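Here it is: the structure, laid out below.
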Amino acid sequence: SRIREEGIFRIPGSATKIQELKIKFNNLEELASIDLEVELPGKFDVHVATGLLKLFLREFNEPIMSKLIYQKMIETQIKDRKSGVLEERLRNMRTIIADKNLMPRINRLFCAYIFRFFNKITRFASSNKM
């Protein structure tokens, strides 16, 4: 699994290949015509894939989490830090993210997916050094 690759998010991928992959992902017709499981592993290394993810996150027009959500999370962390119970802090953060009045559904789904992914990355911290 490439998730164990040392420096998975630190080591930059080829800028040329990142742009090439970005073009493919932005062109739905071209994306639909290629077999990602065959083309990606052979042509693009993990650092290109993670570079594309970082570029994707940087290019959002609006933040995934609003300033209000950010402020609520900071307040929760400050308040909950006193208790020292990590599970309680995480539960309170999940409650904020799940609040349908604070964040659009697509943003909540994206956060759930990306947080699970980053959690998986951290489970292999001893090998990927992340």
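The structure displayed is predicted, hence computed values, not measured ones. The residues of the chain are indexed from 1 along the displayed sequence.
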Practice task
List in chain and number order the residues that pass side-chain hydrogen bond (donor to acceptor under 3.5 Å, both in side chains) with Glu62, two or more places apart in sequence or in another chain; answer none if no residue qualifies.
Solution key: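 Applying side-chain hydrogen bond (donor to acceptor under 3.5 Å, both in side chains) to Glu62 gives none.
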
Practice task
First locate atom CD1 of Ile3, then atom OG1 of Thr50, and finally report the distance between them rounded to the nearest 0.5 Å.
Solution key: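 That separation rounds to 11.0 Å.
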
Handout entry: Separation between CG of Asp45 and CD1 of Ile11, rounded to the nearest 0.5 Å
Key =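 Going from CG on Asp45 over to CD1 on Ile11, the span is 9.5 Å.
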
Handout entry: Under 3.5 Å donor-acceptor, His47 side chain and Pro12 backbone
Key =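 Not a single qualifying donor-acceptor pair exists.
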
Handout entry: Check against side-chain contact (heavy atoms from CB on, under 4.5 Å), Gln19 and Ser14
Key = CA-CA 9 Å; Gln19 285 304 316; Ser14 161; over 6 Å; no

Problem - More than 12 heavy atoms from other groups under 6.0 Å of CD1 on Ile74 - result: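 Buried by this count: over 12 neighbours within 6.0 Å.
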
Problem - Sequence neighbours excluded, every pair satisfying salt bridge (Lys or Arg N to Asp or Glu O under 4.0 Å) that has a member inside residues 95-111 - result: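 Qualifying pairs: none.
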
Practice task
Rounded to the nearest 0.5 Å, what's the gap from CD1 on Ile96 to CD on Glu75? Could you check?
Solution key: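 With rounding to 0.5 Å, CD1 (Ile96) is 8.0 Å from CD (Glu75).
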
Problem - Contact list for residues 4-23, test ring pair (Phe, Tyr, Trp, His ring centres under 6.0 Å), sequence neighbours left out - result: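 Those involving residues 4-23 are Phe9-Phe118.
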
Practice task
Inspect the surroundings of NZ in Lys54 and state if more than 12 heavy atoms from other residues, nucleotides or ligands are less than 6.0 Å away.
Solution key: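 Above 12, so yes.
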
Problem - Separation between CG of Leu21 and NZ of Lys24, rounded to the nearest 0.5 Å - result: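 NZ of Lys24 is found 8.0 Å from CG of Leu21.
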
Problem - Same cluster (ILVMFWY, side-chain, under 4.5 Å), Ile23 and Leu55 - result: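 No, because Ile23 and Leu55 fall into different hydrophobic clusters, even though each may have its own neighbours under 4.5 Å.
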
Practice task
May I ask you to decide if Asn92's main-chain N or O and Thr76's side chain share a donor-acceptor pair within less than 3.5 Å?
Solution key: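 Absent.
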
Practice task
Please answer whether the main-chain N or O of Ala125 pairs with a side-chain N or O of Thr122 as donor and acceptor at a distance below 3.5 Å.
Solution key: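 No.
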
Handout entry: CD1-CG distance between Ile114 and Leu109, expressed to the nearest 0.5 angstrom
Key =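 So the CD1 of Ile114 and the CG of Leu109 are separated by 13.0 Å.
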
Handout entry: Minimum heavy-atom distance between Cys111 and Ile64, given as atom pair plus value
Key =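 Cys111 and Ile64 have their closest heavy atoms at SG-CG2, 3.3 Å.
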
Handout entry: Euclidean distance, Met73 CE relative to Thr95 OG1, rounded to 0.5 Å
Key =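 The OG1 atom of Thr95 sits 10.0 Å away from the CE atom of Met73.
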
Problem - side-chain contact (heavy atoms from CB on, under 4.5 Å) assessment of Phe60 paired with Phe110 - result: CA-CA 13 Å; Phe60 278 142; Phe110 178 80; 4.2 Å; yes

Handout entry: Non-hydrogen side-chain atoms of Arg4 and Asn128 separated by less than 4.5 Å
Key =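 Arg4 vs Asn128: side chains apart.
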
Exercise for the section: Could you list the residues that satisfy side-chain hydrogen bond (donor to acceptor under 3.5 Å, both in side chains) with Lys22, not counting sequence neighbours? Expected result: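 Lys22 satisfies side-chain hydrogen bond (donor to acceptor under 3.5 Å, both in side chains) with Glu59 once adjacent residues are dropped.
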
Handout entry: Those residues that, when tested against Arg2, pass side-chain hydrogen bond (donor to acceptor under 3.5 Å, both in side chains) (two or more places apart)
Key =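 With neighbours one apart ignored, the set is Glu5.
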
Problem - Heavy-atom side-chain proximity of Ser66 to Leu102 below 4.5 angstrom - result: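 No, every pair of side-chain atoms sits at 4.5 Å or beyond.
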
Practice task
Before giving the answer on side-chain contact (heavy atoms from CB on, under 4.5 Å), spell out for Ser127 and Glu6 the whole-Å C-alpha distance, their side-chain angles and the decisive distance to 0.1 Å.
Solution key: CA-CA 6 Å; Ser127 56; Glu6 187 170 339; over 6 Å; no

Problem - With Tyr113 via ring-ring contact (aromatic ring centres under 6.0 Å, His included) - residues at least two apart - result: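 If we apply the ring-ring contact (aromatic ring centres under 6.0 Å, His included) test to Tyr113, skipping adjacent residues, there are no hits.
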
Exercise for the section: Begin from the C-alpha positions of Ile8 and Lys129 and carry the test side-chain contact (heavy atoms from CB on, under 4.5 Å) through to its verdict. Expected result: CA-CA 8 Å; Ile8 188 168; Lys129 310 292 189 227; over 6 Å; no

